[in-house]
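Take a look at the structure below.
Within every chain, numbering begins at 1; the chains are lettered A, B, ... in the order of the sequence lines, protein sequences first and strands thereafter.
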Protein chains: 2
Amino acid sequence: MTASGQTPQSPDAAVSEARPATIYDVARMAGVSGQTVSRLLKGYQGIRPETRERVTEALEALDYRPNLTARSLTTGRSHRLGALTHEIDQVGPSRIAQGASAAAREAGYLLDIVTLDMTDRTSIDSALALVAKHDLAGVLALASTDEMTEALEATDFRVPAFIAAEADEDRSGAPSELSSTGLPALVDHLADLGHRSLVHIAGPSTWAAARNRARAYESAVARRGLQSVALVHGDWSAASGYAAIGQLGGTGGATAVVAANDQMALGAVRALTVRGLSVPGDVSVTGVDDIPEAAFFTPPLTTVRVDFAAQGRAAVAELLGRITGTQVPATPSLQSALVVRESTTRAPGA
Amino acid sequence: MTASGQTPQSPDAAVSEARPATIYDVARMAGVSGQTVSRLLKGYQGIRPETRERVTEALEALDYRPNLTARSLTTGRSHRLGALTHEIDQVGPSRIAQGASAAAREAGYLLDIVTLDMTDRTSIDSALALVAKHDLAGVLALASTDEMTEALEATDFRVPAFIAAEADEDRSGAPSELSSTGLPALVDHLADLGHRSLVHIAGPSTWAAARNRARAYESAVARRGLQSVALVHGDWSAASGYAAIGQLGGTGGATAVVAANDQMALGAVRALTVRGLSVPGDVSVTGVDDIPEAAFFTPPLTTVRVDFAAQGRAAVAELLGRITGTQVPATPSLQSALVVRESTTRAPGA
DNA sequence: ACAGCTCTTGTTATCGGTAACATCCCGTGC
DNA sequence: GCACGGGATGTTACCGATAACAAGAGCTGT
């Protein structure tokens, strides 16, 4: 079998109605009113067993499926959520989205993921307008950036809408696992290896995650009495990590490069290699995220593992809480863990 | 600003009704019937200019927004599509999904992307059931695998549903760009460099893309009179590429490894390096996809570029065609291009 | 001046459910 | 024997839009 297929015609289903059955079809078949069917479907208990049985049989015979459109028209609430994310090929965002999607599904919601091309204002607006039209129960922004904040605030969704907290921060604004534990552990690791001067390749300054990581880096550097030779901003891509090293003309004397994600770390490693520097012999390099490929880079990358899926799930849980008005169980702190591989070693001459 | 935000309360909108305005509110305000409003909204021309103006003003004053739920209840068609994909962190699928999503949006549709965990039968079923309930105008499977085919056929979506063609094949079953041009070009490249024995690390055999690539590889090898020493199946991940080399205990004498995607190529490179073989000195390695990181691997990877976004767009175009019954303009053949980098060089002793 | 049209706009029914209220039936208590 | 109460089910209206049909206004031709 190669490509396509036919519209499944429910080959074995005995009934093959042109139009799907409604509760009225079921009601007629069972000899009851539509309301009785509706009640049974909603789990109402006060139905006589024999009635219940007749209706249940009719439901099956007609292969009844509720029309969610009609239902949400009357009840006024839909079972769909919107998720906005940046148009970017990155493991992080896409895993967050996957986690969010799975969590939504488990709660009976469908998650509409809309990737926004942040470089094009009109495309953002039209995308948001489209989202605002499809009545969603709530909207979630999965990437915390200034552009996203702005876009979100400029749109009236008329439903709960908010930006998910990064792994780098929690709702209360208190530093999170990654900032308080993960990145400090990374810097400690380098300090323990004798590195005294570091360089940071940060993410775009409009990203909250980038700012948080940079801040955590800086405070850890200060705490350990190290020196931060430079802080360059990339755009999360390997190419930008490569460019960052070029821009610095090397490492500016630093013996270690701390990139804000694994891709930029990869680019940095490549740039250093091209310049004739050995990693980790001359310069140690670290990333953040622990993407699946990181273990297979040459050299395998020392990084900090981040649980993206949990982040997505937490965001959806929070959104659902806001929608239903129930209290959200405190999100368990997201775990991050230092993963030491071969891209870091003792500082030269240490 | 850290994490969250408030539900936007349309701070500047003069009107702040509890409930959104309906066409009837607008009609009353403009002194016309609801139908007139409905007509205007649908672009009906026969409306007196002064009436039109009054209605238009009312629409603005009340910040009217159509209720798509109600609309699709009457018209019977929704403006949402469903997309099924595998739960997998891979650039390919995620870019296909992005392209599909963008194309859908441009056509005024929202694309619900559902990632299926193919290892868990019950989760597939519940996910598909959820999708089938939310009335979608059509459903698209973005990953062509046996599991997906099976799952799709077992579900009665009652709307057009089909599996998107891989880049590797087209609808007519004829080999596509990648199979007819991209992969052969890759093998030619290796043959021209003097390689005579190759190894192929294929994707999972349940994936149509994996089978197509393997077939294209084999026929190109035959055509050039080369020898395929081994064909091992991985799961698209770098780890599986690494494992494949381990399983072979090296390359089995081959001087080049053709991996079915870039991640597996990365894993293979790493495994070869660990075994003391130099890439490309001893063994040349190639990938497929040209993920953004491929240019920054050590060594930079020779690969075949694939236009995933176009693939997603084409799939959506096809689906929309089936839904509306219009003919789909023949999908322009997807481009693929050989990208030569440093992971390939002349065969040792050639 | 009046039938016959066209142009605009209004009425009514309907999509498939659900909420609120109405009704029917039957056993109880006095 | 009859009012009463509660369980089971039916009726009616409504959610917000659209389709199909109806109707009033104004113009034309004879």
Mind running side-chain contact (heavy atoms from CB on, under 4.5 Å) on A/Leu81 and A/Ile323 for me, showing each step along the way? CA-CA 10 Å; A/Leu81 307 178; A/Ile323 290 170; 3.6 Å; yes
Length of the line joining B/Tyr44:OH and C/dT6:P, which is rounded to integer Å: 13 Å
Spacing of B/Arg54 atom CZ relative to C/dT8 atom C1', expressed in whole Å: 12 Å
Let me know the distance between CZ of B/Arg158 and P of C/dG16, rounded to the nearest Å. 12 Å
Could you write out each protein N or O paired with an N or O of nucleotides 17-20 of chain D at a distance under 3.5 Å?
unit_1, atom_1, unit_2, atom_2, d
D/dA17, OP1, B/Tyr64, OH, 2.6
D/dA17, OP1, B/Asn67, N, 2.9
D/dA17, OP2, B/Ile23, N, 2.6
D/dA17, N7, B/Tyr24, OH, 2.8
D/dT18, OP1, B/Arg71, NE, 3.0
D/dT18, OP2, B/Ser38, OG, 2.5
D/dT18, O4', B/Thr74, OG1, 3.4
D/dA19, OP2, B/Lys42, NZ, 2.4
D/dA19, N6, B/Gln35, NE2, 2.7

Please check the phosphate of C/dT9 (OP1 and OP2 only) for any side-chain N or O of B/Thr51 closer than 4.0 Å. yes
Using whole Å, report how far CG of B/Leu40 lies from C1' of C/dG10. 16 Å
Between CD of A/Gln45 and P of D/dA8 the distance, given in whole Å, is 10 Å
What does the inter-axis angle of the helix from C/dA1-D/dT30 to C/dC30-D/dG1 come out as, five pairs per end, nearest 10 degrees? 60°
Mind calculating the distance between NE2 (A/His79) and C1' (C/dG17) to the nearest angstrom? 14 Å
Has B/Thr36 got a side-chain N or O lying under 4.0 Å from the OP1 or OP2 atom of C/dG10? yes
Could you state the CG-P distance from A/Leu73 to C/dT14, rounded to the nearest angstrom? 17 Å
Separation of C/dG17 P from B/Lys133 NZ (nearest whole Å): 12 Å
Would you say the side chain of A/Arg52 lies within less than 4.5 Å of the side chain of A/Pro49, judging by non-hydrogen atoms? no
Flag yes if more than 12 heavy atoms outside A/Arg121 fall under 6.0 Å of its CZ atom; otherwise flag no. yes
Working for salt bridge (Lys or Arg N to Asp or Glu O under 4.0 Å), residues B/Arg65 and A/Asp156: CA-CA 11 Å; B/Arg65 302 203 209 148; A/Asp156 177 11; 3.5 Å; yes
Below 4.5 Å, heavy atoms only, C-beta onward: do A/Leu319 and A/Pro160 meet side chain to side chain? yes
Hey, is A/Glu318 close enough to A/Arg322 for a salt bridge, meaning N to O under 4.0 Å? yes
Are the side chain of A/Ser72 and the backbone N or O of A/Leu68 linked by a donor-acceptor pair below 3.5 Å? yes
Taking the side chain as C-beta and beyond, is there a heavy-atom pair between B/Leu40 and B/Thr36 under 4.5 Å? no
Would you call B/Asp117 and A/Arg105 a salt bridge, using N to O less than 4.0 angstrom? no
